[in-house]
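In what follows, a single structure is set out as structure tokens and then discussed.
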Amino acid sequence: MKNCFDVVIAGGAATGSALAYFLSASRSFKGSVLVIEKDASYQKCATALSAASIRHQFSTVENIQMSQFGSEFLYGIGETLEVDGERPDVNFQEAGYLFLSTPEGYATLQENNALQRALGAQIVLLSDRQLQEKYSWLNVSDLAGGSLGLKGEGWLDAYGMMRAFRRKAIAQGVSYIENEVLQVHREGGRVTGVTLNNGETVSCGVFVNAAGTGAMKLASQAGIELPIESRKRSVFYVTCPETVNDCPMLIDPSGAYIHPEGEGFICGIQPPADQDPECFDFDVQYQLFDDLLWPILAHRVPVFEALRCEHSWAGHYDYCTFDQNVILGYHPDINNMVFANGFSGHGMQQSPAVGRALAELIEFGEYRSLNLKRLGWERVLNGQPIIEKNVW
């Protein structure tokens, strides 16, 4: 392997590989690209362990537009990422999200819906009566209504999407190595290179930090404090003896979610704030299911009282403690270090848009397709958080 690349990307999961794809797909970009991924099996990465879904129902323009591009990309992913006649199929289940609302939260739901529709998202508001007519299995006794995505929302094979990005990037000339960045070398306002786990040093023109929950360490080595923590999320696969027809991705006002998967369902919930510390282990939070999640689901869908947990797993978010939105782009103190960190659970669905945006930023020095400048470091350094009302 040569020891000098124009662009070095630390982290080869969804975001890193999407960036590698878009850079190498650009006809005007002639640089060399290296992706460094510590685990080529991706068994422990956030993408592989996530609930693997995509939605347009956010409350900020950038988050809505990024996911809209993600959906459009998924429609054509087979043709776009074809390699040697093989077209990836990520099994996009376009069944929609259904956000449920109590009377107290309904005004916010309406406000979000107005913005979403203004941006072209196909989202409809349903009253409690309409919800009951459409979903007879749903308990609407404490609801004012809901917001249902009609197009572009659902769930998919996130691992397959990530592998397709990687395979296409390699076919387009990107180099991948299974290794880990142990040290970032900075001189003045530039990163000059990185030292790998095997002792080799690689120099770079641009260094991209797309290392997920490992991003904080790399940023610190470059003298940058990244406001991100590793937060654990447990996912449970359950079955139900009763039939629940036409179930979308159901989001309870509590934040609990559940969607069909195979013969059963996938579900989860964010732990209470006082039970959600920074965490790096992969121990499943079974008590969270028994004490909190199951009772909520049984209240919302009475037949879920008979749910049976078949298996479960835990993964981690790179959680932005500043405002739960991704931090993108160059830091003003380092002119060749690009950040793509703090997705807070939205990394998979935003990876196509972020990959394209950062490829433009690296090649042209500006965003050209979507203006994501507001998601940069300036808001963090100036203490101006972007409030996303639908973090979920």
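Just so we're clear, the structure is a prediction, and the values are computed from it rather than from any experiment.
Applying the salt bridge (charged side-chain N to carboxylate O under 4.0 Å, His left out) rule to pairs touching residues 86-105 yields Glu82-Arg87, Glu86-Arg167, sequence neighbours excluded. Pairs passing the ring pair (Phe, Tyr, Trp, His ring centres under 6.0 Å) check and including a residue from residues 116-150, sequence neighbours excluded, read Tyr135-Trp137. Pairs of residues two or more places apart, or lying in two chains, that qualify as side-chain hydrogen bond (donor to acceptor under 3.5 Å, both in side chains) and include a residue from residues 352-371 are Ser26-Glu363, Ser28-Glu363, Glu360-Ser369, Glu366-Arg368. Within the structure, ring pair (Phe, Tyr, Trp, His ring centres under 6.0 Å) pairs that include any residue of residues 167-210 do not occur (at least two apart or interchain).
When all heavy atoms of Val33 and Ile9 are compared, the closest pair comes out as CG1-CD1, 3.9 Å. Between Gly145 and Leu131, the shortest heavy-atom contact is C-CD1, 3.5 Å.
Remark: Asn113 pairs with Gln116, Arg117, Ile123, Leu125, Ser147 by the side-chain contact (heavy atoms from CB on, under 4.5 Å) rule, at least two apart or across chains. Qualifying salt bridge (charged side-chain N to carboxylate O under 4.0 Å, His left out) partners for Glu278, counting only residues two or more places apart in sequence or in other chains: none. Judged as a side-chain contact (heavy atoms from CB on, under 4.5 Å), and not counting sequence neighbours, the contacts of Glu178 are Asp39, Ala40. With sequence neighbours left out, Glu263 forms a salt bridge (charged side-chain N to carboxylate O under 4.0 Å, His left out) with no residue at all. Not counting sequence neighbours, Lys168 has no partner by the salt bridge (charged side-chain N to carboxylate O under 4.0 Å, His left out) test. With sequence neighbours excluded, the residues satisfying salt bridge (charged side-chain N to carboxylate O under 4.0 Å, His left out) with Glu111 are Lys389. For Gln93, the side-chain contact (heavy atoms from CB on, under 4.5 Å) partners two or more places apart in sequence, or in a different chain, are Asn91, Trp155.
Ring centroids of His346 and Phe58 are separated by less than 6.0 Å, placing the two rings close together. Taking the ring centroids of Tyr330 and Trp377, they lie at or beyond the 6.0 Å cut-off.
Side-chain contact annotation: Tyr257 with Ser53, donor-acceptor N/O pair under 3.5 Å absent. Side-chain polar atoms of Ser24 and Gln172 form a donor-acceptor pair below 3.5 angstrom. Side-chain contact check for Thr60 and Glu388: at least one donor-acceptor pair (N or O, by modelled atom type) lies under 3.5 Å.
No side-chain heavy atom of Glu62 sits under 4.5 Å from any side-chain heavy atom of Leu370. Proximity of Leu74 to Met161: side-chain heavy atoms (C-beta onward) are separated by under 4.5 Å at one or more points.
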Quiz item: What's the verdict on side chain to side chain donor-acceptor pair (under 3.5 Å) for Gln285 and Ser234, showing C-alpha distance, side-chain angles and the deciding distance?
Solution: CA-CA 6 Å; Gln285 298 153 300; Ser234 295; 2.8 Å; yes
Just list the side-chain donor-acceptor pairs under 3.5 Å for residues 291-307, sequence neighbours left out, or say none.
from   : atom 1 : to     : atom 2 : distance (Å)
Asp291 : OD2    : Gln287 : NE2    : 2.9
Trp294 : NE1    : Phe304 : O      : 3.0
His299 : NE2    : Asp142 : OD2    : 3.2
Arg300 : NE     : Asp252 : OD1    : 2.6
Arg300 : NH1    : Asn139 : O      : 2.6
Arg300 : NH1    : Asp142 : OD1    : 2.8
Arg300 : NH2    : Asp142 : OD1    : 3.3
Arg300 : NH2    : Asp142 : OD2    : 3.2
Arg300 : NH2    : Asp252 : OD1    : 3.3

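Between Tyr21 and Phe165, the angle of the ring planes lies from 30° to 60°, which puts this pair in the tilted group.
Ionic pairing of Lys30 and Asp6 is not present here: no N-O contact between side-chain nitrogen and carboxylate oxygen is shorter than 4.0 angstrom. Here Arg190 does not pair with Asp333 in a salt bridge; the nearest charged N to carboxylate O distance is not below 4.0 Å.
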